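In what follows, a single structure is set out as structure tokens and then discussed.
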Protein chains: 2
Amino acid sequence: MPRRNAPSSIIRRLPVYLRILDNLIKKDVEIISSRTLSSQTGFTAEQIRKDLAFFGAFGTRGTGYNAVYLREKLLKIIGLDKETNVIVVGAGDMGKAFGRYNITKNPYIRVVGMFDVNPEEIGKEVEDLIIEKLDKIPEVIKKYNVRVAILTVPAREAQSVVDQLINEGITAILNFAPTKINVPDTVHVHNTDLTIDLQSLIYYTSTEEKTLI
Amino acid sequence: MPRRNAPSSIIRRLPVYLRILDNLIKKDVEIISSRTLSSQTGFTAEQIRKDLAFFGAFGTRGTGYNAVYLREKLLKIIGLDKETNVIVVGAGDMGKAFGRYNITKNPYIRVVGMFDVNPEEIGKEVEDLIIEKLDKIPEVIKKYNVRVAILTVPAREAQSVVDQLINEGITAILNFAPTKINVPDTVHVHNTDLTIDLQSLIYYTSTEEKTLI
DNA sequence: CTGTGTGAAGGAGTTCACAGCG
DNA sequence: CGCTGTGAACTCCTTCACACAG
């Protein structure tokens with residue numbers, strides 16, 4: 001469907017549109033304009049139209065976008081029209097949080113496995129999952145056709161775990177380990193690093209004080 | 001110290017440099033080149049030099065950067081030369097994870113309070129913190145001069161909590177609630193949204209399969 | 001006359017190529 | 001001669017302005 005490689009900046013906004021659409025459809029909204037999407041997302045209306053137009057002309061001039069139709073298009077573009085299974089590697093506090101809290105409430109994505117090295121953690125239940133040893137990963141990947149992994153292991157273990165995961169067929173990694181991980185071009189990584197995020201926020205609090213003086 | 005408003009893209013890389021420097025200094029490395037930083041961070045050497053040069057000439061031509069000196073400069077630029085206190089609002093799994101796991105190990109940042117609305121959670125201990133009611137926030141903010149909050153409440157509560165926090169003096173928010181929050185220009189927000197991150201990753205796994213066909 | 005779709009202009013950040021200094 | 005520091009070229013995205021369709 002994409003005419004050429006879509007800019008990652010667009011790709012990161014699509015799920016935002018999808019979420020707004022889901023909410024509005026629940027409220028029986030049928031038609032939605034780029035202006036409405038703009039006020040709910042904070043992106044400009046022009047940008048939203050450009051983003052959507054990148055994948056095709058989904059709207060009706062003078063009217064707006066049909067919410068249900070646009071939602072279906074977005075699902076297809078993102079790849080959420082079929083269920084996606086993911087695994088969580090690293091069953092620390094953070095991993096457990098993802099295992100139960102965030103994802104189970106998401107209609108499109110399902111956590112099908114949770115893994116850790118720590119023998120004390122093995123066998124513990126997190127929601128409907130049982131924490132297993134890392135060497136069970138290949139089995140689960142095969143059974144559920146998993147391509148996406150959430151990585152919440154300590155920094156020093158990250159690279160070796162990543163190497164294993166890639167070897168076993170993972171092609172996308174959501175990395176919460178506070179370190180750079182090396183992957184081949186075929187694998188996509190998104191890094192989220194609390195320390196980096198916090199420290200860069202602190203920059204703004206301190207410069208604000210400076211400029212006020 | 002910044003000559004003009006620093007681009008946020010630079011600001012987000014500074015903590016990465018800092019982390020590498022900390023690691024290298026522990027190994028008694030004294031001089032470090034932009035090339036070394038490049039291989040450890042994945043950013044290009046030119047970019048790293050530009051980033052650092054934005055704040056001043058910290059290196060020595062022909063040699064490189066003095067690790068300890070550069071670290072001190074970075075601490076000062078980011079605002080980590082003095083201890084920064086933060087609070088966590090929302091003591092769900094995610095909030096608890098941040099309360100104990102990630103931040104207590106960070107030498108520059110200290111979590112000084114953890115808050116929730118749920119009466120069942122109040123009084124529970126997380127590491128050396130006791131979960132308190134939201135109305136205790138002003139007290140803690142005053143006592144510890146807090147400017148930064150980590151927000152891990154459900155989406156529907158986010159905006160009202162944010163309004164309170166800003167009212168009480170918070171100027172920077174690390175937002176984990178899966179929703180857009182509205183703040184005045186004086187307040188900085190960084191959004192981290194697991195669902196958005198996962199869904200955009202999934203885009204790449206599905207397009208990869210398409211292009212292989 | 002409303003709201004989408006889009007070429008053109010503009011802006012922000014990155015890469016290049018090299019000057020400058022130890 | 002090595003590695004930093006930096007103007008200039010370039011690339012990518014965003015904003016603007018308007019044509020176009022209902």
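The chains referred to below are lettered A, B, ... by the order of the sequence lines, with proteins before strands, and numbering in each begins at 1. Just so we're clear, the structure is a prediction, and the values are computed from it rather than from any experiment.
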On DNA chain D, does the nearest nucleotide to A/Asp51 precede the nearest nucleotide to B/Ser33 from the 5' side, or the other way round? Give the residue. B/Ser33

Tell me whether the side-chain N/O atoms of B/Ser34 come closer than 4.0 Å to OP1 or OP2 in D/dC3. no

Please give, in whole Å, the distance from C/dG5 P to A/Ile10 CD1? 13 Å

Please state how far atom CD1 in A/Ile48 lies from atom P in C/dT6, giving the value in whole angstrom units. 17 Å

Taking the nucleotide of DNA chain C with the closest heavy atom to each, which residue, A/Glu46 or A/Gly62, is nearer the 5' end? A/Gly62

Check this for me: does the side-chain of B/Arg49 come within 3.5 Å of the base of D/dG5 through a donor and an acceptor? yes

Rounded to the Å, how far apart are A/Lys50 NZ and D/dC12 P? 16 Å

Between CD1 of A/Ile11 and C1' of D/dC12 the distance, given in whole Å, is 15 Å

Length of the CZ-P vector between B/Arg35 and C/dT15, whole Å: 15 Å

Atom CZ of A/Phe55 and atom P of C/dT6: how far apart are they, to the nearest Å? 14 Å

What is the separation between atom CG on B/Leu52 and atom P on D/dC3, rounded to the nearest whole Å? 16 Å

Can you check the B/Phe58 CZ to D/dG5 P distance for me, whole Å? 9 Å

Donor-acceptor pair between B/Gln47 and B/Asp51 side chains, under 3.5 angstrom: no

Check whether the side chain of A/Arg61 and the base of C/dG3 form a donor-acceptor pair under 3.5 Å. no

Any side-chain N or O of A/Thr44 under 4.0 Å from OP1/OP2 of D/dT15? yes

Ring-plane angle category for B/Phe98 and B/Phe176, please: parallel below 30°, perpendicular beyond 60°, tilted otherwise. tilted

Could you tell me whether the side chain of B/Ser200 and the main chain of B/Ile196 form a donor-acceptor pair under 3.5 Å? yes

When you measure from the side chain of A/Arg19 to the backbone of B/Pro178, do you find a donor-acceptor pair of N or O atoms at a distance under 3.5 Å? yes

A/Ser206 side chain vs B/Leu80 backbone, donor-acceptor pair below 3.5 Å: no

Does a nitrogen or oxygen in the side chain of A/Tyr65 sit under 4.0 Å from OP1 or OP2 of C/dT2? no

